[in-house]
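Beneath this line is the structure, given in structure tokens, with notes to follow.
Just so it is clear, the structure is predicted and the values come from calculations on it, not from any experiment. Each chain gets a letter, A, B and so on, in the order its sequence line appears, and its residues count up from 1.
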Number of protein chains: 2
Amino acid sequence: MQLLLNFLTRNKPTFLYGISLAFLLFLLKWLELRFLIINHAFEIYIGAIAVLFTVLGVWLAQKLTKPKIETVFVEKEIIVKKSDDFILNEAELSQTGLSKRELDVLQLMAAGYSNQEIAERLFVSLNTVKTHSSNVLEKLDVKRRTQAVEKAKRLRLIP
Amino acid sequence: MQLLLNFLTRNKPTFLYGISLAFLLFLLKWLELRFLIINHAFEIYIGAIAVLFTVLGVWLAQKLTKPKIETVFVEKEIIVKKSDDFILNEAELSQTGLSKRELDVLQLMAAGYSNQEIAERLFVSLNTVKTHSSNVLEKLDVKRRTQAVEKAKRLRLIP
DNA sequence: TTTTCGCTCATTCTTTCGGGTGATTTACCG
DNA sequence: CGGTAAATCACCCGAAAGAATGAGCGAAAA
């Protein structure tokens, strides 16, 4: 700031001359414009009207038309951790057609019990358990009990 | 097009009469308008300009305004499978003393494969797989493969 | 009432599993 | 170099699993 002032005071005459010249040029241009306005008053008036109403039109459009809304749907992925609490998939269960007893056997199979142990826990004979387990394998469309357990867990039939 | 021409030629007199009438009415209206225009020529001109540029403004606004983009986030549940966030429990793994090959067999056991199928997948003999599986059962201290799978999953040795 | 379905049990037969034991090869470690 | 552990394969045997079939019983549905 101080530097600028110094600069101005040291070049005073030059600046005065420059400013005078600029003022004169501005005056000339203004006079010229006045002529233009006087000679073309009508056109300028019309132009002003045009501009004014164009602006009005734009304003009206903005005010009256419904805002253009473009809706963009973005899928937001919510990661849900597979919780430990088990909710039975009843849809899949009915899909398989497993009976209550067969589900019992399946659960014990998943717990790693042998057919004999399952029989003891369910108070039925070994043969009965074998029948049930065969039905389970067939209904789940698998060949081995390990596969049955794997599939049952995948289908949320058992925890 | 041909049809329209036929229609016109067949109803020629009616059309001529109609057109004449329309023309006369138009003429009358125009004369009336002329008076109006002569008396208020300037105002009408200005009005026309105003209307024209208002319309132009509206059109411009419609054309130039960017559509407002509304983003809607649709929440999508993703159930993360247990297997996805599986981290091998190295501590438990070394605890059991399972060898790499035994772990391979254990994984295929968990997938529900029979010893024979595992042998085919690992390009070894059935006897080898039986040896490995026996070792797995012993090292996991279980009696059946279903139990081995259950325990391995519990110890986070496999997904 | 007849039919259907789930549960029960049995028998027979085949396949798979699991335990036990032993042998060979390879690789690594002290 | 010898010791050790892993990996491979083999054979035997008993247990378990699974497939196929038949059948009795009771409750619920048609």
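Using a 4.5 Å cut-off on side-chain heavy atoms (C-beta onward), B:Gln107 and B:Asp104 make contact. Side-chain contact between A:Lys143 and A:Leu137 is absent, with no heavy-atom pair separated by less than 4.5 Å.
For D:dC9, the OP1/OP2 oxygens have a side-chain nitrogen or oxygen of B:Thr128 closer than 4.0 Å.
To the nearest angstrom, C1' of D:dA20 lies 13 Å from CG of A:Asn127. At whole-Å resolution of the value, NE2 in B:His132 and P in D:dC9 are 8 Å apart. We find that CD of A:Gln147 is positioned 11 Å from P of D:dA19, with the value rounded to whole Å. As rounded to whole Å, 8 Å separates atom P of D:dA7 from atom CG of B:Asp104. Rounded to whole Å, atom P of D:dG18 lies 14 Å from atom CD of A:Gln116.
Residue B:Arg156 holds its CZ atom at 11.0 Å from CD1 of B:Ile158, rounded to the nearest 0.5 Å. In this structure, CD1 in B:Ile118 is found 9.0 Å from CZ in B:Arg121, a value given to the nearest 0.5 Å. How far OG1 of A:Thr131 is from CD of A:Glu102: 10.0 Å, rounded to the nearest 0.5 Å. Distance check, rounded to the nearest 0.5 Å: CZ of A:Arg144 to OG1 of B:Thr146 gives 13.0 Å.
On the nucleic acid side, DNA chain C has its first and last nucleotide under 4.0 Å of a heavy atom of chain A at C:dG6 to C:dC17, going 5' to 3'.
The minimum heavy-atom distance between B:Ser99 and B:Lys139, with the atom names listed, is N-NZ, 4.1 Å. Heavy atoms only, all atoms of each residue included: B:Ser133 and B:Met109 are closest at CB-SD, 4.1 Å. Contact record, B:Leu106 with B:Ala152: CD2-CB, 3.7 Å, taken as the closest heavy-atom pair. What you find for A:Thr96 and A:Leu93 is that their closest heavy atoms are OG1-O, 2.6 Å.
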**Report entry** Residues B:Asn115, B:Arg145; criterion side-chain hydrogen bond (donor to acceptor under 3.5 Å, both in side chains); working and verdict
**Finding:** CA-CA 11 Å; B:Asn115 285 342; B:Arg145 49 173 57 210; 2.3 Å; yes

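Of all the residues in residues 95-103 of chain B, B:Ser99, B:Lys100, B:Arg101 reach under 4.0 Å from DNA chain D with at least one non-hydrogen atom.
Nucleotides of DNA chain D nearest to B:Lys130 and B:Arg144 differ in position, and the one nearer the 5' end is that of B:Lys130. Taking the nucleotide of DNA chain C with the nearest heavy atom to each of B:Val142 and A:Phe123, the more 5' of the two is matched to A:Phe123.
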Could I get a table of every N or O pair under 3.5 Å where one atom is in the protein and the other is in nucleotides 22-30 of chain D?
none

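Among the atoms of the strands shown, only primed sugar atoms or phosphate atoms (P, OP1, OP2) are found under 4.0 Å from some heavy atom of A:Asn115. When heavy atoms are screened at a 4.0 angstrom cut-off, B:Leu126 is found touching no nucleic acid atom at all.
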